[in-house]
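Take a look at the structure set out below.
Both backbone and side-chain heavy atoms feed into the values below; hydrogens, waters and symmetry mates do not. Position 1 is the first residue of the sequence, and the numbers go up from there. Values in this document were obtained by computation on a predicted structure and should not be read as measured data.
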Amino acid sequence: MAESKVGTRAIYQPGASSIEGLPTALQMFHAHPPVMAMPHWHAQVEVNYVMRGTVHYRMSDHEFRLNAGEMCLFWGGQPHQMDESSDDSLYAGAHLPLVYFFRLRLPISVSSRLMKGETLLTSATDAADSENFTRWFRYANSGDPAKAQHAVDELLLRIERIALEPYSMTSQAAINLDGDHPYPHSSRSVARMCDFIAANFLHDIDSVDIARAADLHPKYAMNLFKRSTGMTLSKYVTLLRLSRAQAMLMSEGANVLQVAMDSGFGSISAFNKSFRHIAGMSPSDFRRDIRLVTTVPAGAFRN
């Protein structure tokens, strides 16, 4: 996470080791949340737990505020922006690649609504969460594989527990859907497809290759993935590539053509079209605008 100072405010910028640059990695965090000068996106589901202070998010079609003791879960593939963060704020959480997310035993309605852009909100937390998120972050960054795996296992169980207590989806009333369980076979198949895509998204792969890796018929694989994620297989592959490209464009002297090739796009025209679709601007304009962050006048970001 690269930071620059705007007045007294830290600004988040994507980097090669950030979630955008490593779209298939599970990363945990525990820090003061810096505001974002521009919306960003990444190919992971994000879980944020506010331990202190308050933060405000702008999503593609809604916004919300989290106070201390509240937690949210949302799909990072939609452009989103944290535009407010109180001076005393502290949050913790993780970014979950889909291969982890679809191994969770969440109600089908929750996972499908998240993938369609809704946000899950809950205040059903307790003091143990502050202790656990802190420890999970420490274990995940300890360099000890056994501790890191233990942190991941506990985190996933904690996320599953969200659905057992009151929660809401975006602005909807609190719900608790008894009996709405995932289909284990379908979830395993989606996870296998995600595994293959994660290992090969920089290469020239198509739905036939992905389906074969999961021992599925291509048409069935495409329908299953679309039904589970709200995305086509090709859109998900493209999102992984765009996430990586977003981070690469931050590199000093980054060449747009080289970024397109290194991100798995076969041509600059395909890269420009895909990038403009998600960012609303060309890769060149994005690179220019994000680098202007350091020249934003002091006081541009206020709570």
Side-chain angles (χ1 to χ4, degrees), residues 26-30 33 44-55 57 59 62 64-78 80 90-140 147-192 194 224 227-230:
L26 188 156
Q27 296 189 24
M28 296 188 187
F29 52 87
H30 181 282
Q44 298 102 338
V45 172
E46 184 167 344
V47 53
N48 290 348
Y49 169 57
V50 177
M51 306 171 73
R52 188 176 66 225
T54 181
V55 296
Y57 300 76
M59 314 302 281
H62 64 278
F64 62 94
R65 184 177 301 277
L66 284 186
N67 299 309
E70 297 179 331
M71 191 184 307
C72 71
L73 198 65
F74 62 84
W75 167 231
Q78 58 179 323
H80 57 280
L90 178 67
Y91 78 160
H95 299 95
L96 303 177
L98 288 189
V99 66
Y100 289 93
F101 180 67
F102 281 102
R103 286 174 176 151
L104 292 172
R105 292 165 295 184
L106 289 175
I108 289 294
S109 60
V110 170
S111 57
S112 63
R113 290 171 70 178
L114 286 173
M115 296 308 300
K116 292 175 182 177
E118 293 193 49
T119 298
L120 183 153
L121 303 167
T122 181
S123 57
T125 63
D126 52 42
D129 285 314
S130 293
E131 296 180 7
N132 287 334
F133 273 101
T134 300
R135 176 170 50 81
W136 296 335
F137 174 77
R138 188 173 70 251
Y139 274 24
K147 285 186 174 181
Q149 186 59 52
H150 195 273
V152 170
D153 292 342
E154 286 196 357
L155 170 68
L156 297 180
L157 285 171
R158 176 62 185 93
I159 295 173
E160 289 179 351
R161 183 158 64 85
I162 289 175
L164 303 179
E165 299 173 326
Y167 62 90
S168 62
M169 299 296 294
T170 312
S171 60
Q172 302 300 315
I175 54 176
N176 197 340
L177 300 173
D178 294 331
D180 185 12
H181 301 295
Y183 305 108
H185 176 72
S186 297
S187 295
R188 285 195 297 270
S189 294
V190 172
R192 290 176 68 184
C194 289
L224 174 61
R227 187 169 68 248
S228 300
T229 69

Under a 3.5 Å distance rule, please check whether S123 uses its side chain to pair with a backbone N or O of E70 as donor and acceptor. no

Under the 3.5 angstrom rule, does the side chain of D129 hit a backbone N or O of T125 as a donor-acceptor pair? no

Do [X] and [Y] have side-chain heavy atoms sitting under 4.5 Å apart?
| X | Y | value |
| --- | --- | --- |
| E46 | L73 | no |
| M169 | L114 | yes |
| F101 | L106 | yes |
| L120 | S168 | no |
| R158 | N132 | no |
| L157 | R105 | yes |
| Y139 | Q149 | no |
| T54 | L66 | no |

How close do [X] and [Y] get, counting heavy atoms only, and between which atoms?
| X | Y | result |
| --- | --- | --- |
| M28 | A140 | SD-CB, 3.8 Å |
| V45 | M115 | CG2-SD, 4.5 Å |
| F29 | H95 | CE2-CE1, 3.3 Å |
| T122 | A124 | OG1-N, 3.0 Å |
| I159 | L96 | CD1-CD1, 3.4 Å |
| L156 | L104 | O-CD2, 3.4 Å |

Nearest 0.5 angstrom please: [X] [atom1] to [Y] [atom2], how far?
| X | Y | atom1 | atom2 | value |
| --- | --- | --- | --- | --- |
| D153 | W136 | CG | CH2 | 11.0 Å |
| F74 | L121 | CZ | CG | 10.5 Å |
| W75 | E118 | CH2 | CD | 15.5 Å |
| C72 | I162 | SG | CD1 | 9.0 Å |
| M51 | M71 | CE | CE | 10.5 Å |
| E154 | H150 | CD | NE2 | 4.5 Å |

Salt-bridge present (E165, R161; N to O < 4.0 Å): yes

Between Y49 and S130, is there a side-chain donor-acceptor contact under 3.5 Å, judged purely by atom types and distance? yes

Apply side chain to side chain donor-acceptor pair (under 3.5 Å) to Y100 and list each qualifying residue two or more places apart in sequence or on a separate chain. none

Cation over ring face, R135 and F133, 6.0 Å, 45°: no

Using the side-chain contact (heavy atoms from CB on, under 4.5 Å) rule, take V50 and V55 through it: C-alpha gap first, then chi angles, then the decisive distance, then the call. CA-CA 8 Å; V50 177; V55 296; 3.8 Å; yes

Compute the centroid of each ring, for Y91 and then for H30, and state whether the two points are separated by less than 6.0 Å. no

